[in-house]
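Since we're looking at a predicted model, the values are computed, not measured. Per chain, numbering begins at 1; letters A, B, ... match sequence-line order.
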There are 2 protein chains.
Amino acid sequence: MTQVDTKTRILNAAERLFARDGFHSTSLRTLTSLAEVNLAAVNYHYGSKEALLKAVFERRLLPLNEVRKEKLEAVLTAAEQTGLRPAAVELLRAFIEPTLAFRHSGPGAKDFIALIGRSLSEPDETVRNCFIRQVLPIFKILFGALRKALPELPENILLARLQFTLGALSHVMCHAVNRELQIPGFPEPLADKLLVEQLIGFVHAGLEAPC
Amino acid sequence: MTQVDTKTRILNAAERLFARDGFHSTSLRTLTSLAEVNLAAVNYHYGSKEALLKAVFERRLLPLNEVRKEKLEAVLTAAEQTGLRPAAVELLRAFIEPTLAFRHSGPGAKDFIALIGRSLSEPDETVRNCFIRQVLPIFKILFGALRKALPELPENILLARLQFTLGALSHVMCHAVNRELQIPGFPEPLADKLLVEQLIGFVHAGLEAPC
DNA sequence: GTCTATAGATTGATAGAC
DNA sequence: GTCTATCAATCTATAGAC
């Protein structure tokens with residue numbers, strides 16, 4: 001592997017450290033030291049620490065959202081052609097599978113998944129707003145698609161259940177890195193593929209639970 | 001209402017600010033200013049910022065865990081007397097209801113609920129470990145009880161589903177304070193009582209989903 | 001573009017008067 | 001117990017040489 005340039009090395013280090021330690025607890029000194037670049041390079045290449053955060057989100061979220069959007073629309077289109085409702089479980093799969101599959105898309109991707117898993121519950125507005133702004137469009141698409149799949153479910157109940165779904169998904173994503181929940185006396189965590197299937201089955205059952 | 005003493009005022013301010021801004025983003029200056037006590041008082045009364053965090057957790061978690069434990073054991077005892085398995089939904093209710101009902105137990109309790117909702121996904125080890133240490137015992141009790149309710153479910157699948165459950169619960173708790181998820185074009189969030197019932201129904205359906 | 005050096009502000013913690 | 005004053009360390013950001 002050839003050397004990557006300074007700007008990318010900064011991005012990689014930021015992704016790793018923001019995921020592991022959080023945005024505020026990561027200092028530019030630690031970050032530039034890991035990236036093996038000069039302290040001043042962050043401000044030269046990105047302008048500020050906050051702009052760097054935005055760049056970290058964008059690098060991964062733009063293509064990921066594109067994939068999720070395509071998959072959701074494929075399910076909707078197929079349903080329209082048959083004249084049937086789209087199946088909720090297929091929509092959930094279209095959203096969840098690429099999100100978690102993303103972990104294996106290359107080095108660093110796993111860190112990123114943990115980072116966005118945390119971002120929804122991030123106390124700091126800087127981070128949370130930066131994240132929400134980038135995921136709100138795809139979230140709206142998912143919500144609209146699920147309304148078509150479950151039209152008899154009241155809207156506000158669907159929204160609440162979708163929030164539970166995102167909570168469960170976030171939690172799984174958070175622990176893409178930290179496996180410290182392996183506690184003596186507890187069984188081994190599920191293998192990756194199985195975990196994804198279990199999550200889809202879980203939220204699907206919850207989403208279609210009787211009112 | 002009579003004046004509360006310095007030590008308690010510090011605790012109240014810490015609960016509020018740690019929940020709203022996070023542990024690391026809260027400075028002792030902001031904290032003591034809100035509490036209207038001297039800057040040096042934190043170190044005098046608690047020894048360090050980290051010890052203060054531990055005290056914030058303990059004040060609420062000791063009684064809450066006691067209630068959850070009693071309710072879980074009541075379900076188990078009742079089941080033993082009838083010779084039947086405990087019902088999963090009753091165990092979930094015994095755990096979730098007091099957790100969320102806690103929000104109305106007094107001023108500040110709502111902040112605390114948001115704080116513990118975040119703590120599971122907290123990047124910082126200081127906060128996360130401090131929290132996990134205090135909830136692991138009750139988590140083990142819940143897991144053991146659910147094993148009795150669903151003995152045919154493989155242990156590692158039960159654990160995964162329990163994680164999804166905690167993820168959904170955490171997410172709801174996180175937003176006990178921040179209602180900023182009311183976005184134009186989305187329906188009104190559910191009223192409190194309804195939300196709790198929906199959550200219990202959701203995770204119950206997920207937990208008992210077919211394998 | 002990369003470096004050193006440092007400004008300027010803020011942090012957690014403490015010493016010592018009262 | 002509460003106060004002021006301050007230490008020593010850290011932080012983000014920037015100025016300016018090369």
Side-chain angles (χ1 to χ4, degrees), chain A residues 2-59 115 119 122-131, chain B residues 2-59 115 119 122-131:
Chain A
T2 55
Q3 274 278 71
V4 293
D5 64 2
T6 298
K7 204 169 171 180
T8 306
R9 286 219 303 284
I10 292 174
L11 213 53
N12 291 339
E15 183 167 75
R16 172 112 76 103
L17 292 176
F18 290 166
R20 200 191 62 186
D21 303 332
F23 178 69
H24 266 109
S25 300
T26 300
S27 75
L28 292 184
R29 276 170 183 76
T30 309
L31 200 159
T32 51
S33 158
L34 175 66
E36 293 181 302
V37 303
N38 188 269
L39 171 61
V42 169
N43 279 279
Y44 176 77
H45 285 285
Y46 293 95
S48 72
K49 190 187 179 187
E50 197 171 325
L52 171 60
L53 176 70
K54 191 168 172 246
V56 167
F57 278 129
E58 276 178 355
R59 173 171 64 162
L115 173 63
S119 298
E122 176 70 40
D124 184 65
E125 286 198 356
T126 309
V127 182
R128 203 180 54 241
N129 289 344
C130 182
F131 173 70
Chain B
T2 54
Q3 274 280 70
V4 292
D5 64 3
T6 297
K7 205 170 170 180
T8 306
R9 286 219 304 283
I10 292 174
L11 212 52
N12 291 339
E15 183 168 75
R16 173 110 77 99
L17 293 175
F18 290 167
R20 201 191 63 186
D21 304 332
F23 178 70
H24 267 109
S25 300
T26 300
S27 74
L28 291 184
R29 278 166 183 79
T30 309
L31 199 159
T32 51
S33 159
L34 175 67
E36 294 180 303
V37 302
N38 188 268
L39 170 62
V42 169
N43 279 279
Y44 176 78
H45 285 287
Y46 293 97
S48 73
K49 191 187 178 186
E50 197 171 325
L52 171 60
L53 175 71
K54 190 167 174 249
V56 167
F57 278 129
E58 277 179 354
R59 174 171 63 160
L115 174 63
S119 298
E122 176 70 42
D124 184 67
E125 287 197 356
T126 309
V127 183
R128 203 179 55 242
N129 289 344
C130 183
F131 174 68

Check the distance between [N]'s [atom2] and [X]'s [atom1] and give it to me in whole angstrom.
| X | N | atom1 | atom2 | value |
| --- | --- | --- | --- | --- |
| A/Tyr46 | D/dT14 | OH | P | 17 Å |
| A/His45 | D/dT14 | NE2 | P | 15 Å |
| A/Ile10 | C/dC3 | CD1 | C1' | 14 Å |

Spell out protein contact along nucleotides 12-18 of chain C as letters: B when the base is contacted, S when just the sugar-phosphate is, - when no protein heavy atom is under 4.0 Å; keep the 5' to 3' order. BBB----
For the pair A/Phe23 and A/Phe18, name the ring-plane relationship: parallel under 30°, tilted 30 to 60°, perpendicular over 60°. perpendicular
Listing request: all ring-ring contact (aromatic ring centres under 6.0 Å, His included) pairs with a residue in residues 29-51 of chain B, at least two apart in sequence or in separate chains. none
As an exercise, state the distance from CZ of B/Arg16 to CG of B/Leu11, rounded to the nearest 0.5 Å. 13.5 Å
Which heavy atom of A/His24 sits nearest a heavy atom of B/Ser25, and at what distance? ND1-OG, 3.2 Å
Dump the intermediate steps for side-chain contact (heavy atoms from CB on, under 4.5 Å) on B/Thr30 and B/Asp21, then the final yes or no. CA-CA 11 Å; B/Thr30 309; B/Asp21 304 332; 5.6 Å; no
May I ask you to verify if any side-chain N or O of A/Thr6 is less than 4.0 angstrom from the OP1 or OP2 atom of C/dT2? yes
According to the salt bridge (Lys or Arg N to Asp or Glu O under 4.0 Å) rule, which pairs have a member within residues 34-51 of chain B, sequence neighbours left out? none
